[in-house]
Amino acid sequence: MAGKPLYDLIVLGAGPAGLEAARTARRLGLRVALVERSRLGGNSLNTGSVPSKSIIRSGRALEAIIDGYGHGISASIAPTADIGAVMTRMRRIRARIAEYHSAQRLDELGVDLFVGSAHFDGARSIRIGATSLTFKKAIIATGARPRTSDIPGLQATGYLTSETIFDITELPKRLAVIGGGPLGCELAQAFSQLGSWVTILQDGPKFLPNEERDAAELLSMSLARCGVETRLNTPVVHARAENGKKMIDVTNSGAKFSIAVDEILLSVGRVPNTEDLNLVTAGIKVDAHRRIEVDDFFRSTNPNVSAAGDACMPHKYTNVAQASARLAVLNACAGESNRLSRLTPPWCTYCDPEIAHIGLHAVDARRRSIPIKSFTIMMQDVDRAIIDGCDAGFVKIHVKEGTDEILGATIVGSRAGELINELSVIMSAGMGMRRLADVLHAYPSQSDAIRLAAIAFRDHAPTPQAR
Amino acid sequence: MSELTDLPDDALLERLQRGAFDYFAACTNVQNGLVADTSRPASPCSIAVVGFALSCYPIAVERGWLTRAAAASITRTTLEFFRGSAQSDRPDATGYRGFYYHFLDMQHGARVWNCELSLIDTALLLAGMLVSATYFDGDGIEAEIRATADALYRRVDWPWALNGHDTLAQGWRPEGGFLHYGWEGYNEATILYILAIASPTHPLPQSSFANWTCTYQWENLLGVDVLYSGPLFTHLFSHAWIDFRGVQDRFMRETASDYFKNTQSAIALQREYAWRNPHGYAGYGRNLWGITAGDGPDIREHGPDRRDRRFFGYMSRGVPYGPDDGTIAPWAMLATAPFGIDAALAGTRHLLGKYPQVCANDRFSSGFNPTLRAGGTAWLSEGWYGLDQGLLTMMIENYRSNLIWDITRRSPTLRTGLQRAGFDGAWLASPSTT
């Protein structure tokens with residue numbers, strides 16, 4: 001039986017969401033416990049964004065040398081990748097960033113850190129081994145892990161995931177990537193740039209199914225130019241080891257064939273880490289995807305327990321995890337009423353070109369009977385993109401018809417992940433297209449494409465109309 | 001310089017329309033009415049090309065290139081073949097559930113190449129049958145044509161092709177079931193939905209059209225307001241049969257446009273893109289455009305670094321997002337004649353003057369790439385493709401006389417389909433006249 005609550009807030013999980021929750025709570029002067037069963041920093045730092053983007057950067061560096069030939073630059077030796085050095089660099093970067101999330105820093109912040117697996121043993125208490133803690137409020141921020149697969153033979157054949165691929169010591173000559181989602185595409189392109197022959201196997205008909213079709217097709221063409229082979233509508237039905245190689249049996253429109261590779265990367269999504277928490281005891285429900293069910297204020301079905309990040313969100317991005325955690329703590333502990341539905345996170349797939357998005361997709365707006373028009377500037381018409389030799393892509397801003405209200409945007413380009421943040425600021429500030437058209441941008445810059453889109457709007461909607 | 005460019009406009013159109021139509025005389029099996037996909041040796045039949053051929057026979061009658069009796073005869077032969085051919089889930093059938101396989105053996109009509117049961121190509125075939133059934137309004141053989149066309153249309157099981165979804169699948173294979181290619185956004189499928197919704201026996205729910213149009217992208221691209229679809233042919237195929245001038249569905253009412261005006265915008269976009277020519281391809285300009293589906297050079301080999309995949313073979317090319325490898329379809333500019341004769345003729349004359357090789361025997365090649373040169377010669381597609389010739393014949397006629405549009409305006413099926421899809425206005429608001 002729980003006695004007097006020991007902690008104002010207990011945070012389960014020390015990934016981006018959990019760390020943000022703990023810091024936010026300490027800023028409120030609360031007594032905070034943080035529980036982590038593995039490494040601080042969570043998936044994002046250890047096996048997600050940080051290592052993957054480090055590898056991608058190495059791939060791009062090699063690509064840049066090759067591209068240099070087209071810029072009047074020559075090198076006497078053909079560049080190659082040293083996968084050992086690439087991985088060493090990645091680990092160095094990871095260690096450097098990890099310092100910001102160290103136990104020592106948490107201690108200095110006044111957060112009590114507990115290491116071990118936690119589960120609820122009551123509506124207001126958790127257990128970590130022999131230790132029982134009670135709370136006024138709790139936040140579940142246990143994150144997610146790579147989804148496994150029941151493809152026959154795959155387990156025995158052996159495969160890599162986004163959690164294990166960063167441990168390889170040898171560049172696979174032939175790499176099959178099962179799954180055409182963002183992370184699979186990022187790593188497929190990176191390994192192709194580093195020298196692997198990469199094949200993406202996607203069981204569905206769409207490449208990057210959550211992105212707008214023009215964006216996904218542009219990237220598809222870019223991947224093809226890099227040498228990545230993409231096979232859509234091609235489910236894997238079996239895997240086996242044969243003569244030192246990994247054989248993948250696939251089907252396409254009824255035709256069956258096999259692909260021989262040296263390594264397999266399974267990248268078919270992520271599942272929340274919620275099954276070991278004994279949620280039933282605390283009256284906490286999960287949905288069909290095993291995500292914690294939360295209301296618009298991040299509250300679970302237990303009014304004293306909230307959730308944040310990958311454990312409850314459909315969008316599994318680091319920035320969403322951090323934002324949701326901060327708002328969940330402010331709601332739970334500071335009496336605020338921040339709504340999940342008001343979050344408008346930008347996100348980016350870090351291929352080359354990058355694909356970034358914020359807000360509504362055009363098809364979502366139309367399904368909700370919101371009249372929408374998109375103003376598009378092709379990067380091939382943007383001076384800086386031409387100068388940089390990075391003119392594949394576009395800036396597309398979705399505007400509510402009859403107004404200058406920006407509902408969303410998609411950017412494809414070499415710096416899309418940076419450019420989308422300008423749209424995030426603009427949308428957050430409530431700035432419309434008319435005002436945006438008058439905002440000076442540095443010249444030449446790729447972000448000038450955003451201003452050019454606003455000018456296209458102004459040129460085609462000369463008469464101001466009330467919202 | 002080609003002698004064609006010396007001809008006045010009317011004579012030039014007559015020559016090129018006749019040249020295009022003569023493809024059917026050269027590439028049709030008169031025993032069954034099947035028409036070859038291309039003029040290349042051993043080409044199978046494309047059912048879509050048959051649909052274009054059926055639509056072109058009335059043109060040939062009106063132009064005096066065929067007698068009405070001869071046109072009715074080959075039309076009846078064609079329809080009788082489809083009525084009598086195998087409909088089953090066997091992999092060598094001609095069709096299944098009223099639909100047809102994309103490619104058929106020219107002699108026996110059996111499925112070839114393990115191709116798909118194609119919805120859009122079936123729709124184009126049926127559109128041709130619809131033209132036949134409306135144009136041939138006499139007795140005897142013409143009555144047989146009407147009855148057979150009606151029976152073939154009625155037996156198509158459109159709802160089956162939804163496969164439980166809100167919008168139509170793109171095809172089906174006996175070996176693997178339904179195909180879903182993520183066919184989103186505006187494209188050539190308008191006529192498919194119109195025919196499917198209008199069926200008196202197996203209609204699609206009317207909501208299916210709205211579900212499809214939900215995926216539209218209304219964009220301002222290169223300064224042009226357009227319902228986006230990249231390849232030019234997608235702005236032409238349904239229009240070959242349907243006069244969209246002034247008729248609007250919900251989307252077009254909301255945007256104060258119509259599909260005819262939208263094709264004009266798509267043409268403006270093609271010309272603007274070709275003028276900007278972002279990839280610096282040879283020849284591109286305001287009078288050399290036509291980036292669409294068609295044949296093209298096929299160079300996919302990668303070097304040791306697996307790069308330089310720059311030419312895509314037969315592919316649906318589009319603007320401004322691509323793919324674009326410098327290949328244009330020489331027939332495409334003239335096929336836009338009903339939407340703006342000045343641009344169509346200026347471009348065609350420029351093309352014929354600068355690159356006369358694109359039009360042998362008064363018939364345009366499928367693809368031409370002046371950027372890719374071998375031995376001083378620009379790449380040119382071999383032979384001819386039936387789709388190109390059929391579309392061009394119909395579009396020139398629609399410019400010259402409105403013949404196909406006048407025929408289909410009288411079709412109760414098309415009127416019903418358009419009305420159920422939410423279209424109204426212009427000719428659709430008036431009672432059908434015969």
Side-chain angles (χ1 to χ4, degrees), chain A residues 66 78 192-193 195 197-198 204-207 209 212-218 220-221 224-229 232-233 251-256 362-367 369 371-381 386 391-394 396-399 401 412 453 456-457 459-461, chain B residues 91 114-116 166 169-185 210-211 213-226 228 230 250-251 254-256 273 276-280 300 302-310 312 318-325:
Chain A
I66 297 169
S192 176
Q193 289 170 334
W197 291 65
V198 181
K206 294 180 185 174
F207 178 75
E212 292 187 8
R213 291 301 83 203
D214 310 320
E217 284 165 18
L218 259 176
S220 174
M221 285 187 275
R225 278 194 292 275
C226 285
V228 175
E229 184 177 11
L232 304 177
N233 289 309
T251 65
N252 182 286
S253 299
K256 296 176 182 174
V363 67
D364 297 330
R366 292 189 53 74
R367 286 198 176 116
S369 297
I372 194 168
K373 182 173 178 180
S374 307
F375 290 82
T376 304
I377 297 298
M378 303 299 292
M379 284 299 187
Q380 57 211 17
D381 293 323
I386 296 169
D391 62 349
F394 55 82
K396 185 181 297 198
I397 302 179
H398 304 310
V399 182
E401 276 262 63
V412 180
F457 168 87
D459 290 349
H460 284 76
Chain B
N114 283 331
C115 67
E116 83 285 10
D166 293 336
Q170 283 73 65
W172 177 88
R173 280 194 172 94
E175 298 86 358
F178 282 99
L179 309 174
H180 288 280
Y181 293 125
W183 207 30
E184 291 179 358
N211 291 332
T213 59
C214 255
T215 65
Y216 280 4
Q217 292 172 241
W218 178 237
E219 293 204 36
N220 180 276
L221 284 164
L222 311 191
V224 178
D225 285 349
V226 66
Y228 167 73
R250 179 182 169 186
F251 178 88
E254 288 176 353
T255 54
Y273 175 87
R276 295 190 188 192
N277 193 9
H279 304 297
R300 294 164 189 257
H302 297 289
D305 57 2
R306 300 191 74 191
R307 291 166 199 279
D308 287 333
R309 175 179 171 169
R310 290 188 297 168
F312 307 118
V319 301
Y321 301 110
D324 174 23
D325 60 2

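This is a predicted model, so every value here is computed, not measured. Side chains are part of it too, since the values below use all heavy atoms of this structure and drop only hydrogens, waters and symmetry mates. The sequence lines fix the lettering, A, B, ..., with proteins before strands; numbering per chain opens at 1.
Distance check, rounded to the nearest 0.5 Å: OG of A:S192 to CZ of A:R225 gives 12.5 Å. Distance CD/B:Q217 to CD1/A:I372: 10.5 Å, rounded to 0.5 Å.
For chain A, the option among B:P278, B:C214, B:A210 with the highest count of heavy-atom pairs below 4.5 Å is B:C214. Interface remark: of the candidates A:R367, A:E212, A:M221, A:M221 forms the most heavy-atom pairs closer than 4.5 Å to chain B. Between chain A and the residues B:D225, B:L222, B:N211, the largest count of heavy-atom pairs under 4.5 Å involves B:D225. Highest contact tally toward chain A, considering only B:G177, B:P174, B:G176, is held by B:G176 [criterion: heavy-atom pairs under 4.5 Å]. When each of A:L232, A:T376, A:V363 is scored by its heavy-atom pairs under 4.5 Å with chain B, the top score falls to A:T376.
Evaluation of the ring pair (Phe, Tyr, Trp, His ring centres under 6.0 Å) rule for B:Y321 yields A:F394, B:Y228 as partners, not counting sequence neighbours. Under the side chain to side chain contact (heavy atoms under 4.5 Å, CB included) criterion, A:N252 pairs with A:N233, A:T234, A:F257, not counting sequence neighbours.
Neither the backbone nor the side chain of A:I386 comes within less than 4.5 Å of any heavy atom in chain B.
Closest approach of B:R250 to A:S369, counting heavy atoms only: NH2-OG, 3.9 Å.
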